[in-house]
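Hydrogens, waters and symmetry mates play no part in the numbers below; they use all other heavy atoms, side chains included. Order of the sequence lines fixes the chain letters, A, B, ..., with proteins taken first and strands second; residue numbering starts at 1 for each chain.
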Amino acid sequence: MMPGPMNELVEDLPSILASSVVSSSLEANHLQIEVRKDALAGMAAHMIGHCHAWLISEHAADLRERDGTFHIYVIFALPKGDGIITVMSKVDGSDPSYRSLTPDIYAANWFEREMMEGFGLLPSGHPDLRPLRLYDSWPSGVYPMRKDFDPSVPVPRVPTGYEFRHVEGEGIFEIPVGPVHAGVIEPGHFRFSVAGEPVINLEVRMGYVHKGIEKLSESLPYPRGVMLSERISGDNGFTHSLAYCQAIESIAGADVPERARYLRTAFSEMERIYNHMGDIGGIALDTAFGVGAQMAYVLRERMLSLNERITGSRFLRSVNCIGGVRKDIDMSGKRSISTELIGLKLDFDDLVGMMTEMPSLLDRVETTGMLSDDAAKNLNVVGPIARASGIDRDTRRDHPYAAYKDLSFSVPLYREGDVYARMMVKIEEVLESISLIEQAMDRMPEGQLCAKVVDVQAGRIGMSLTETHRGEAMHWVMSGEGRPWRHKVRDPSFLNWPAIEVAVMGNIVPDFPVINKSFNLSYSGNDL
Amino acid sequence: MSKDEKDVETLGKELRAKTMKVLGRSMAIREVDAGSCNACEVEVNSLTSSIYDIERFGLHIVASPRHADALLVTGPVTRNMEVPLLKTYEAAPSPRIVIAMGACAISGGIFKDCYACNEGVSEFLPVDVLIPGCPPRPQAIIQGIMVALEKLESRKRGASCQK
Ligand code: SF4
């Protein structure tokens, strides 16, 4: 018998959907439903429309060797409680098409384009079938995520086209920006259409730093996979590798030592602080508040060198391992963290005082780059961007991992949806992070750092969510022999990029940099 | 002042003397991300924060390759960045120095076997200086740039001998 509301969820399905269910099972908080492929879109729409669930991922795995089909997994988080729902459908290898979810769920758009170019799965009814990352010279019919694709054979370059959206009319200009930008940032292409000053359309084209990480991961033994996941998006490498480790640990049923859970929490928050400092500094810089920007950058540098003093790595690399952590915080480490955090907090208070009162800064950030709560909800954004648009979600609280369950913290929430709100969310999160680190260090029990994980059974699925400084990251692993059979990574930026196209609408081009900074999206995490 | 900061001060003084000698002005560097994981960029940005503040030593990160004495390239060179990287190189005036920064740019690093990656910058451009690390620490980047200046000096000397 399945207990509680998750069980009712299956029982309450409308009859037409209920009849399409092939099987369902509930394990802890995770409900898995297999449906016939023709009902996948309907079931997904039901999850969003009726259960008000959030889309976490839609991805595929090539299991043609096993049962002749591709499996499509659509994963949702229930709005209340820790419940996760996976809806799965098998798509026959001889007819790799299915009904697109995108007409009902806009957030499925990029996921389906990703599956199309990776697996050759055709989403019928999808409004935009352009490639997401494999454009310009990628030959048609070559699907790198399929199992029969050999990554060691170079893929030839063939001429292909890519159609940007065009806005036409009198006095409309197009401004192409990137992929190589004026600042030191990652490459991406932005195409603005402007009518005078205001932007009337923005199209982002990502994919420039697409490397093929998911495919590479299938060839790397789990311990090396940890290294790889630290390099998916360098500045949130700790939380990415944490999600990977947790996914593997859940497959192996490993019992991570208590001390390691607390350490992981402390390190995750140290990562958040240095990144948020960078974002806050970036907003100050782009609003011509140079002093504030430098203050924030100094604080960020102080955090980076604290990371190095404690773990040997400015980016907390090589700290996570499967089963726990490799680096401890000893008494002197604790002291140096506390001292640093006290100083940091004092200086940060000064900075925040200035930033929240400086009229020239406030002028630039208030009502700039608005993302309404409706848009945020429909686009399914995550992280500080969601919390600045009234969406009260935080993985640390909603799907607790590491030691978050035992610590108290609040989740800042703003409704304005502008640059100001995003700045405020980040400012308040820094303060929460400082408190979380202090709590974690106070309560951390003595004990081992790492459990031995020897047996990662093949053919199982493990999934983990973590809250990076950009929002929720997901790692989903289907285990193979000593390495993943399939490893799906979903960086928060993959959900958040489409929102920037909406947020800049009607703003002037010179405000784009500050809007972009307030979003702070990862290109490499998005492009994989 | 911490030991690190002292290191930076000493390095910086050397660097300033060298830029003045070789160029008689600041050295202009254009950074190109050719597929990095973004941690290398964080470190390049760290250089401009007021702790390192490399501008005072005569290093200027410029917005356009047209103004650059050197290109600082990160990442393994992804398939989609091959053309933009070459175009950026062509846009920089000679004699241009190419610096490959980080394990990825040097050899492809952990990504070298990815289907959409190459094995570093030297597959496409003549690389003058390698800065190892993943990512290299800010001090290492300064040191690497110092080596780049030496190369630039000898290249200039070579060019004037030929005249
Ligand atoms: S060298 Fe390391 S830090 Fe630099 S881009 Fe490559 S993986 Fe990232």
Novice: So, are Arg205(A) and Asp136(A) salt-bridged, with charged N and O less than 4.0 Å apart?
Specialist: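 So Arg205(A) pairs with Asp136(A) through a salt bridge.
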Novice: Which bit of Thr74(B) is near chain A, if near means a heavy-atom gap under 4.5 Å: side chain, backbone, both or neither?
Specialist: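 Contact with chain A involves no heavy atom of Thr74(B) at all.
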Novice: Does any heavy atom of chain A fall under 4.5 Å from the side chain of Arg30(B), the backbone, both, or neither of them?
Specialist: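 Arg30(B) touches chain A through side-chain heavy atoms alone.
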Novice: Cut-off 3.5 Å, no hydrogens considered: what does the side-chain donor-acceptor table look like for residues 134-150 of chain B, sequence neighbours left out?
Specialist:
| residue | atom | partner | partner atom | Å |
| --- | --- | --- | --- | --- |
| Arg137(B) | NE | Glu308(A) | OE2 | 2.7 |
| Arg137(B) | NH2 | Glu308(A) | OE1 | 3.2 |
| Arg137(B) | NH2 | Glu308(A) | OE2 | 3.4 |
| Arg137(B) | NH2 | Asp4(B) | OD2 | 3.1 |
| Glu150(B) | OE2 | Lys18(B) | NZ | 2.7 |

Novice: Using 30° and 60° as the class boundaries, would you call the ring planes of Tyr244(A) and His475(A) parallel, tilted or perpendicular?
Specialist: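 Correct class here is perpendicular.
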Novice: Report which part of Tyr208(A) has an atom under 4.5 Å of a heavy atom belonging to chain B: side chain, backbone, both, or neither.
Specialist: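 Backbone plus side chain of Tyr208(A), per the 4.5 Å heavy-atom cut-off to chain B.
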Novice: Could you give the distance from NE2 (His276(A)) to CZ (Phe348(A)), rounded to the nearest 0.5 Å?
Specialist: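 Here the rounded value is 9.0 Å.
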Novice: Between Glu230(A) and His240(A), do the side chains contain an N or O donor and an N or O acceptor separated by less than 3.5 Å?
Specialist: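 Looking only at side-chain atoms, His240(A) and Glu230(A) do not form any donor-acceptor pair under 3.5 Å.
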Novice: For residues Ser217(A) and His487(A), is any side-chain donor paired with an opposing acceptor at under 3.5 Å?
Specialist: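 Checked: Ser217(A)/His487(A) side chains pair up, N/O donor to acceptor below 3.5 Å.
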Novice: Can you tell me which portion of Tyr135(A) sits under 4.5 Å from chain B's heavy atoms? Options are side chain, backbone, both or neither.
Specialist: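 For Tyr135(A), the contact with chain B is made by backbone and side chain together.
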Novice: In terms of heavy-atom proximity below 4.5 Å to chain B, should Arg314(A) be classed as side chain, backbone, both, or neither?
Specialist: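 Side chain only.
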Novice: Taking the basic N atoms (NZ, or NE/NH1/NH2) and the acidic carboxylate oxygens, is any pair closer than 4.0 Å for Arg470(A) and Asp279(A)?
Specialist: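 Answer for the salt bridge query: no.
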Novice: Using non-hydrogen atoms and a limit below 4.5 Å, what part of residues 121-132 of chain B faces chain A?
Specialist: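 Answer by number: none.
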Novice: Between CE of Met206(A) and CG of Asn80(B), what distance do you get to the nearest 0.5 Å?
Specialist: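 So the CE of Met206(A) and the CG of Asn80(B) are separated by 11.0 Å.
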Novice: Heavy-atom cut-off 4.5 Å, strictly under: side chain, backbone, both or neither for Ser305(A) against chain B?
Specialist: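 Contact with chain B: none, neither part.
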Novice: How many angstroms lie between atom CD1 of Ile213(A) and atom OG of Ser524(A), to the nearest 0.5 angstrom?
Specialist: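 Answer rounded to 0.5 Å: 7.0 Å.
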Novice: Which answer fits Ser50(B), side chain, backbone, both or neither, if we ask what part of it has an atom under 4.5 Å from a heavy atom of chain A?
Specialist: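 When you check distances to chain A, atoms from both the backbone and side chain of Ser50(B) fall under 4.5 Å.
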Novice: Count the heavy-atom pairs under 4.5 Å between each of Met81(B), Arg79(B), Lys87(B), Glu43(B) and chain A, then report the option with the highest count.
Specialist: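 It is Arg79(B).
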Novice: At a heavy-atom separation under 4.5 Å, does Val62(B) approach chain A through its side chain, its backbone, both, or neither?
Specialist: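 Only the backbone of Val62(B) comes within 4.5 Å of chain A.
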Novice: Is Val42(B) close to chain A through its backbone or its side chain, or both, or neither, when contacts mean heavy atoms under 4.5 Å?
Specialist: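 For Val42(B), heavy atoms of backbone and side chain both lie under 4.5 Å from chain A.
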Novice: Measuring heavy-atom distances to chain A, does Ile110(B) have an atom under 4.5 Å in its side chain, in its backbone, in both, or in neither?
Specialist: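 Both parts, heavy atoms under 4.5 Å.
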Novice: With a 4.5 angstrom heavy-atom cut-off, is it the side chain or the backbone of Met295(A) that approaches chain B, or both, or neither?
Specialist: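 Neither part.
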Novice: Contact part of Val155(A) toward chain B, heavy-atom cut-off under 4.5 Å: side chain, backbone, both or neither?
Specialist: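 Contact with chain B involves both backbone and side-chain atoms of Val155(A).
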Novice: Between Trp497(A) and Phe519(A), does the ring centroid distance fall short of 6.0 Å?
Specialist: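 That pair fails the under 6.0 Å test.
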Novice: Identify which of Ala293(A), Pro187(A), Gly278(A) forms the greatest number of heavy-atom pairs closer than 4.5 Å to chain B.
Specialist: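 Heavy-atom pair counts peak at Pro187(A).
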Novice: By a 4.5 Å heavy-atom criterion (distance strictly below it), what part of Leu304(A) contacts chain B: side chain, backbone, both, or neither?
Specialist: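 Just the side chain, heavy atoms under 4.5 Å.
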Novice: Start with the C-alpha gap between Ser26(B) and Glu55(B), add the side-chain angles, then the distance that decides, and say whether side chain to side chain donor-acceptor pair (under 3.5 Å) holds.
Specialist: CA-CA 8 Å; Ser26(B) 285; Glu55(B) 294 226 354; over 6 Å; no
Novice: Heavy-atom pairs under 4.5 Å with chain B: which of Leu134(A), Val180(A), Val153(A) has the most?
Specialist: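 Counting heavy-atom pairs under 4.5 Å, the top option is Val180(A).
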Novice: For the residue pair Asn236(A) and Thr239(A), confirm or rule out a side-chain donor-acceptor distance under 3.5 Å.
Specialist: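 No, no side-chain donor-acceptor contact under 3.5 Å.
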Novice: Sequence neighbours excluded and cut-off under 3.5 Å, please list the side-chain donor-acceptor pairs for residues 90-105 of chain B, or say none.
Specialist:
| residue | atom | partner | partner atom | Å |
| --- | --- | --- | --- | --- |
| Arg96(B) | NH1 | Tyr89(B) | O | 2.9 |
| Arg96(B) | NH1 | Ala92(B) | O | 2.9 |

Novice: Please verify the inter-ring angle class for Phe190(A) with His181(A); under 30° counts as parallel, over 60° as perpendicular, anything in between as tilted.
Specialist: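 It falls in the tilted class, 30° to 60°.
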Novice: How would you list all residue pairs meeting salt bridge (Lys or Arg N to Asp or Glu O under 4.0 Å) that involve residues 141-159 of chain A, not counting sequence neighbours?
Specialist: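 Output for this query lists Arg64(A)-Asp148(A), Lys147(A)-Glu218(A), Arg157(A)-Glu82(B).
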Novice: Top residue by heavy-atom pair count (under 4.5 Å) with chain B, among Asp527(A), Ile185(A), Val298(A)?
Specialist: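 When all of Asp527(A), Ile185(A), Val298(A) are compared, Val298(A) has the most.
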Novice: Considering only heavy atoms and a distance below 4.5 Å, find which of Arg300(A), Lys215(A), His210(A), Arg302(A) pairs most often with chain B.
Specialist: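 The candidate making the most pairs under 4.5 Å is His210(A).
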Novice: Chain B: which of Gly212(A), Ala182(A), Gly183(A), Gly525(A) shares the most heavy-atom pairs with it under 4.5 Å?
Specialist: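 Looking at each of Gly212(A), Ala182(A), Gly183(A), Gly525(A) in turn, Ala182(A) comes out on top.
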